[in-house]
Amino acid sequence: MRILQIKENVVSIASEIQNAYIDFSNMTVSIVAVVTDVIKEGKPVVGYGFHSNGRYAQSGLLRDRFLPRLIEAKPEQLLDEQRDNLDPFKIWNILMTNEKPGGHGERSVAVGVLDMAVWDAVAKIEEKPLYRLLAERFNQEQPEEEVFVYAAGGYYYPGKGTDALVREMRGYLEDGYNVVKMKIGAATLSEDMKRIEAVLKELANYFAAGDSPGGHLAVDANGRFDLNTALAYARELQPLNLFWYEEAGDPLDYHLQSELAAAYDNPFATGENLFSHQDVANLLRYGGLRPEQDYLQMDPALAYGLVEYLRMLEILEQFNWSPGRCIPHGGHQFALHLAAGLGLGGNESYPGVFQPFGGFADATPVHDGMIRLTDYPGVGFEAKADLINLFHKHFQ
Ligand code: MG
């Protein structure tokens, strides 16, 4: 068994939306196809990969370093002999040959793209959905057949007023979500509070009396705030009892996060911009987060892939955090499989944005805040027509 070819390309996911830090007018994504010599149903098994929104395409790193290392490796260096399959851990080590530790930068994104494609191929070769393979190999528990998802939106864009924001959030509820998320931090505190209060009013109308609307709303500052601003928002948000307050300050400013935790009793979420298990250890060690209530959002498709994500889960165990506190960033099918197979607490969802990479199988609508996995082998890109069509268009 061997990898015959690896194809790579770049696609645009440009849009008008903005968060507190960036706009997405030039956003791109790297896509790859790992073609194996294994034949199923008359065709070679091909694993596909991409990375999450928010980081740009990684063509340079892929072409200059990571693809040549994989192509030049001897086939036996990549094999899981016991299972007669590719070995994602050996492949990861080949990819990271001659890479110094630390300073993880964006090479973690490039490696993540390839790691996703390798796991897709591995599960297809075993003819099972990835989440079942993960549960068998890495989890003592049965996989979950459905996973909690929340609707992430509420972006700023030119001309969008509070009415449009409220309509957007209402649409997510009507589509089956129970928790919605909106951006904060690109307006003043008083403007943001008006936006938040308008959404809370709509949530109060939608859910039964006595059901706290704050429990259905998360807010995300995308790392925008300094400590004083983060604290000022915290004071206003505290009485609203929100689902979570996300990425208040710089993702690597653990001091800010711990100072903020001392002043805010309700849940935080952070971690989508931590790309290594070492960074996660530092967050848990120094960030003041509370394992009984806070959430971790590391995204395997930005952070060296599933191989590294498993190391992150080992760090969680050392610090007495449950995998159930993890709700990955990214809104993609790959993380959905991790959630179901490894017992994570849920997954992000981006209804309507970052298409076709955002979203899940066409035949699995969200119901009561949950989404079902499918039986397609691998990650199941084939169950999402716009995404598999994109892969076919670029790679056939
Ligand atoms: Mg975020």
Side-chain angles (χ1 to χ4, degrees), residues 13 15 17-24 27 29 51-56 106 108-109 112 148-157 165 168-169 172 177 179-187 192 195-196 199 216-226 229-230 233-234 237 242-254 256-257 260-261 264 266-276 279-280 283 287 289 293-303 309 312 325-332 334-336 338-339 344-354 357-359:
I13 52 164
S15 79
I17 59 175
Q18 301 167 14
N19 66 34
Y21 234 103
I22 63 169
D23 70 48
F24 290 79
M27 189 54 58
V29 172
H51 61 80
S52 298
N53 64 82
R55 302 281 161 172
Y56 297 90
E106 297 210 351
S108 69
V109 183
F148 164 73
V149 285
Y150 70 94
Y155 287 86
Y156 299 90
Y157 61 81
L165 172 68
E168 177 194 344
M169 296 291 151
Y172 298 146
Y177 293 93
V179 175
V180 296
K181 184 169 90 182
M182 58 182 279
K183 298 298 185 184
I184 58 170
D192 270 340
R195 294 169 67 243
I196 291 168
V199 172
H216 299 279
L217 178 64
V219 296
D220 182 2
N222 286 93
R224 178 82 263 181
F225 300 148
D226 60 17
T229 312
Y233 271 77
L237 298 177
L242 298 183
F243 189 77
W244 73 45
Y245 175 16
E246 175 173 337
E247 263 201 329
D250 186 276
L252 295 174
D253 191 342
Y254 307 131
L256 180 152
Q257 186 64 53
L260 193 57
Y264 184 76
N266 288 322
F268 291 112
T270 191
E272 71 179 64
N273 290 300
L274 300 188
F275 292 169
S276 70
D279 284 335
V280 172
L283 175 68
L289 295 178
Q293 71 168 51
D294 294 324
Y295 294 93
L296 302 171
Q297 301 174 289
M298 294 78 71
D299 179 347
L302 294 175
Y309 200 87
M312 292 177 178
R325 303 315 302 172
C326 294
I327 300 186
H329 165 270
H332 48 76
F334 188 61
L336 191 74
L338 272 64
L344 309 185
N347 196 37
E348 187 164 20
S349 176
Y350 294 119
V353 289
F354 307 127
F357 302 101

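Remember, it's a predicted structure, so these values are computed and weren't measured experimentally. The basis for the numbers below is simple: all heavy atoms, side chains too, and nothing from hydrogens, waters or symmetry mates. Whatever order the structure lists ligands and atoms in, that order sets their numbers, starting from 1.
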Cation over ring, R195 on Y156, under 6.0 Å and within 45°? yes
Please tell me whether Q297 and E348 have a donor and an acceptor in their side chains that are separated by less than 3.5 angstrom. no
Which count of protein N, O or S atoms is obtained for distances strictly below 2.8 Å from the Mg ion (ligand 1)? 3
Does any part of the side chain of Y155, heavy atoms only, come nearer than 4.5 Å to the side chain of M182, both counted from C-beta? no
So, N347 and Y150: side-chain donor and acceptor under 3.5 Å apart, yes or no? no
Spacing of Y295 atom OH and T270 atom OG1 [to the nearest 0.5 Å]: 14.5 Å
Output field: ring centroids F24/F354 closer than 6.0 Å: yes
